[in-house]
Amino acid sequence: MADEDFTHRYDAALAGEIEVRWQREWQERGLFRTANPGEPGFDAAKPKYYILDMFPYPSGAGLHVGHPEGYTATDIVARYKAANGFNVLHPMGWDAFGLPAEQYAVQTGVHPAVTTKSAIDSFRRQLARLGFRYDWSREFGTIDPEYFRWTQWIWLLAYSSHYDTEAQAARPIAELEEQLAKLDAEVLVPVARGSAGRVSLRWSVCAPWQRQSKLDDHRLAYLGEQSVNWCPKLGTVLANEEVIDGLSERGGHPVLRMPLRQWMFRITAYAQRLLDDLALVDWPDSTRTMQTEWIGRSAGALVKFAVEGFGDLSVFTTRPDTLFGATYMVVAPEHPLIAHAASGAGGATIAEYAQRARNRSDVDRQAESKEKTGVPLGLFATNPVNDERIPIWTADYVLMGYGTGAIMAVPAHDERDFEFAKRFGLPIRQVVACLDGSAWTGEHAMSEPGLACGSSHGDLTLDGLTQDAAIARIVAWLEQRRLGERRVNFKLRDWLFSRQRYWGEPFPVVFDKAGMHYPVSISALPVELPVLADYAPVVSDRPTPPLGKATQWVNTTAGAAGVDPSLLPPSTPVTRETNTMPGWAGSCWYYLRYCDPKNSVRFVSKEAEAYWMGPKGVDLYIGGSEHAVLHLLYARFWHKMLYDLGEVSTKEPFAKLFHQGMITSFAYERADGSLVPASEVDLAEPQCRELATGACVTRVVAKMSKSLKNVVTPDEVVAEYGADTLRLYEMAMGPLAESKPWNTRDIAGVFRFLQRVWRLAIDERTGGTLLARAPNAAVERQLSRSIHKVGHDIERLAFNTAIAALIEAVNAATRPTQLKDPEDGGFTRDQMSRFLRALAPFAPHIAEELWSHLGEGASVSLAPWPSVDPLQLVDDTVEMPVQIQGKVRARVMVPAGADRDEVERIVLADAAVQEHLAGRAPTKVIVVPARMVNLLV
RNA sequence: GCCGGCGUGGCGGAACUGGCAGACGCGAUGGACUCAAAAUCCAUUGGGGCUCACACCUCGUGCAGGUUCGAUUCCUGUCGCCGGCACCA
């Protein structure tokens with residue numbers, strides 16, 4: 001209830017009125033419109049700063065308070081940088097294609113185009129209400145045809161490129177084709193359509209489909225037959241990164257593996273560069289480590305073992321130095337050797353085992369991982385170093401997707417092989433001796449580095465060599481005899497880019513009757529989604545894209561689809577690709593489009609790209625760590641392709657990355673561990689009680705979720721306190737990077753702070769401006785120090801301590817109630833002006849309102865950052881604690897610039913010091929200037 | 001199991017590069033104002049001891065050690081929580 005005397009108090013209603021008014025004003029005046037080079041209003045003299053939030057996916061549920069945390073942080077930095085004379089690019093838009101929108105649409109029966117649009121509208125409305133200084137004129141969504149036209153264009157670029165391993169860069173595939181034709185090169189191509197068998201032919205005698213097959217082996221976006229992750233529940237296949245522990249990342253549904261022909265990205269070609277260039281970026285170590293581990297580089301050797309009646313069986317090993325210890329081999333259940341073995345004696349058992357292992361989902365395979373399983377193939381291989389005959393087994397602990405899908409087993413020096421050998425009674429032979437000379441116990445595999453032993457045959461010996469030396473010698477020996485070679489292997493696999501879904505970007509590609517694929521020409525882009533009344537996933541045990549239902553759209557002609565007539569006569573009947581791109585597609589390059597969002601002739605103009613992205617990419621990128629691998633790896637990959645092809649100027653897209661922590665919430669737990677909704681708990685100190693029963697409940701920290709009824713939305717907080725308070729509270733909670741619990745009770749603290757700010761400038765009874773006549777020295781000192789600290793803290797993204805500094809300034813200036821003449825206290829006009837400029841990045845609306853009360857004109861958002869008099873930051877004298885034997889016993893005042901001798905003299909003259917010394921002379925005096933003194937006796 | 005991060009008052013958190021632990025806020029307690037309450041303003045607020053009181057003493061940054069004149073900070077071990085990876089040969 002507002003007190004009648006205080007009609008001009010800063011309360012929720014007034015805050016709301018001020019905020020909405022200024023938001024409209026900013027928008028109408030186009031205050032945050034950012035000019036590109038060459039446009040009117042562009043100031044080339046200023047440095048640039050590109051600050052970016054991770055692309056939000058607007059869900060139907062709207063924002064919760066976790067969303068604005070990162071956005072507030074970037075907004076503060078953006079406002080601060082603008083005040084410091086930077087051209088700031090700070091855009092916002094929508095990642096709007098993808099599975100959740102489609103699932104929601106299927107549930108509700110409303111078309112995803114409609115639900116997505118309304119979700120975007122509510123996100124935009126909610127964000128706008130928080131007063132972020134986005135340049136809304138640059139807004140776009142991934143579903144806009146003018147945007148996904150260029151997503152398709154980039155895909156075509158990858159489709160039309162190959163990776164030149166010599167140049168270590170992407171090049172147009174036309175160059176490769178030309179070269180093959182010119183040299184009339186021998187190429188390895190399929191014997192027949194769809195056949196795994198290969199034949200070596202000259203380019204000139206290859207059939208067109210054989211040529212295409214050869215080129216497909218090199219395209220960066222290619223159609224490949226792969227074992228894919230098929231999720232029947234989601235009705236689509238998923239990328240490796242989207243599968244966690246054999247379950248879909250989204251929804252946690254079971255995933256099966258099955259071979260399928262799908263569009264892939266040859267991201268593996270970039271593995272080494274994706275790894276190396278992590279050194280170029282300023283990213284959290286944890287994220288760099290995650291990417292490093294995901295890429296999973298390991299150096300070793302490829303070794304060929306001859307198999308009787310089959311040919312060579314290649315294995316990858318990181319320990320070629322243990323080759324003499326190989327006592328058996330194992331191939332994955334999916335390995336081609338299985339078919340060969342299954343046709344022989346005992347084939348039924350083998351086929352059965354392989355079939356079972358293959359059909360089991362990854363979850364099952366892991367659940368049984370404690371006990372090793374496997375069957376012998378009845379085949380034998382020859383160890384190339386000692387001609388020993390060793391058995392070949394199949395076991396599901398060997399994965400088809402890594403290396404060659406086969407291993408040499410060295411049970412003495414590999415824990416997995418050791419377990420397997422123990423289980424099946426296979427021989428274990430030590431070929432590495434412990435460095436300290438102790439004997440190997442034989443209880444566990446000995447995988448630590450040591451000296452080779454028992455590794456001699458003929459003229460080859462590794463005995464006595466260290467691991468590195470032994471590896472060097474054995475690899476040289478193998479290479480000389482063409483039995484093996486040095487090899488680097490990566491865990492990273494090619495990126496599966498097809499989804500059997502409706503709500504995604506269509507691929508700009510068509511197929512003729514024979515199954516040859518043809519690109520849609522660039523001039524015919526975008527390929528738009530057909531309007532489909534029934535876009536529900538097709539229930540099937542095979543991946544079946546819903547776009548297949550749009551028969552009219554699917555069955556067309558080359559001319560209608562926009563295929564270049566030189567590739568295919570326009571009347572040729574063709575079918576369109578019915579898979580769509582995954583949700584990641586649009587977020588792989590959105591940061592580039594923001595530089596030049598309205599460009600209709602290029603995806604981004606060279607000039608705008610060079611200006612905003614130079615010299616090292618986006619200057620500050622803030623978003624959640626859940627994207628540490630997926631989005632951030634994919635975007636880096638696209639960026640590198642574009643870089644190779646001369647389309648962008650930087651090697652990396654994001655120079656500096658920062659992850660905000662999660663905002664959690666309190667939940668209340670009964671003694672039996674069940675949870676009570678927050679609304680049904682009495683929060684009295686010190687013991688919280690359940691309202692209904694009065695029983696004691698314990699407060700625990702949990703994620704915000706509907707089931708715990710502890711979700712807080714920005715709308716509620718804005719209604720109760722205003723947007724400035726919400727912004728301030730989110731930043732005051734703690735360090736941006738940490739996860740922190742939302743505590744409704746604490747919000748009052750920052751709200752009261754804003755009320756005090758308001759009271760400093762405004763007479764709550766009259767609404768008139770109220771300022772100090774003359775500056776107070778102590779207030780000025782505190783203000784200067786606060787402003788200095790705020791600037792410094794914003795630079796290091798320490799917003800919580802910056803806010804504490806602002807509060808200290810206000811506390812210093814606050815007028816006691818007893819003060820007779822209000823003009824005796826508070827800030828002067830000049831002090832208030834400086835204070836408001838420092839407050840504005842955090843609480844822009846109240847700052848703007850008070851700014852206009854001061855009659856400062858224009859907008860506080862256009863005002864420069866306040867300067868600080870360096871003299872205000874230093875003291876004439878400093879207090880130094882004096883320790884005696886490491887314990888503080890006295891404090892002395894010394895002149896700020898005092899040298900050690902002078903400090904020592906002052907300290908020894910101090911009465912308290914003398915008393916504690918009790919006549920003893922210090923044996924040592926440690927003086928840390930302006931910090932402390934320690935006397936040892 | 002492996003890798004990474006974090007453990008500080010009743011609560012959220014602060015502490016630059018090894019230099020006075022607890023900034024700032026919440027909560028709590030007392031006071032001023034008020035008929036009263038709210039709001040506001042002022043003061044106190046880590047534990048223990050001692051004192052009329054100021055002062056002073058002592059313990060204290062998950063736990064146990066170590067390095068150092070001095071450790072929340074560095075090192076070793078250990079416990080707990082969070083995140084990532086998980087048969088990658």
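Below, chain A is the first sequence line, B the second, and so on; all start at residue 1. Basis for what follows: all heavy atoms, side chains included, without hydrogens, waters or symmetry-related copies.
- Nearest-nucleotide positions on RNA chain B place A/Glu738 closer to the 5' end than the other of A/Asp414 and A/Glu738.
- Remark: A/Asp396 does not engage A/Arg356 in a salt bridge, criterion side-chain N to carboxylate O under 4.0 Å.
- Within residues 930-937 of chain A, the residues having any heavy atom closer than 4.0 Å to RNA chain B are, in order of number, A/Arg931, A/Met932, A/Asn934, A/Leu936.
- Distance from the side chain of A/Val928 is smallest for B/G19 among the nucleotides B/U40, B/A23, B/G19.
- One P atom belongs to B/G22, the other to B/U72, and the distance between them is 12 Å to the nearest Å.
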* To do: Dot-bracket for RNA chain B, please, read 5' to 3', with Watson-Crick or G-U wobble pairs under 3.5 Å on both distances, ( ) within the strand, [ ] crossing, | other strand, . unpaired.
  => (((((((..(((......[....)))((((((.......))))))((((......))))..(((((..]....))))))))))))....
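- The separation of B/C75 from B/A21, taken at their P atoms, amounts to 22 Å, rounded to a whole angstrom.
- Base engagement by A/Lys491 is indicated by at least one non-hydrogen atom pair under 4.0 Å involving a base atom.
- Atom CH2 in A/Trp742 sits roughly 19 Å away from atom P in B/G25 (whole-Å rounding).
- Residue A/Glu419 contributes atom CD, which lies 14 Å from atom C1' of B/A89 at whole-angstrom precision.
- Comparing the P positions of B/U45 and B/C54 gives an interatomic distance of 10 Å, to the nearest angstrom.
- Under a 4.0 Å N-O distance rule, the pair A/Lys789/A/Glu808 does not qualify as a salt bridge.
- If you measure from atom CD of A/Gln885 to atom P of B/U68, you get 16 Å, rounded to the nearest angstrom.
- Separation of the A/Phe424 and A/Tyr328 ring centroids does not fall under the 6.0 Å cut-off.
- With C1' as the reference atom, B/C24 and B/A14 are 8 Å apart, rounded to whole Å.
- Distance, A/Lys740 NZ to B/C81 P: 22 Å, rounded to whole Å.
- For B/G46, the O4'-C1' to base torsion is more than 90° from 0; the nucleotide is therefore anti.
- Nucleotides B/G48 and B/A39 are separated by 29 Å at their P atoms, to the nearest Å.
- Rounded to a whole Å, the CZ atom of A/Arg796 is 9 Å from the P atom of B/A14.
- Taking atom P in both B/C74 and B/G83, one finds a spacing of 24 Å when rounded to whole Å.
- Under a 4.0 Å N-O distance rule, the pair A/Arg785/A/Asp875 qualifies as a salt bridge.
- Residues A/Val878 and A/Ala930 approach most closely at CG2-CA, 4.4 Å, considering heavy atoms.
- Nucleotides B/G27 and B/A36 are separated by 24 Å at their P atoms, to the nearest Å.
- Between B/G19 and B/G30, the distance separating the two C1' atoms is 36 Å to the nearest Å.
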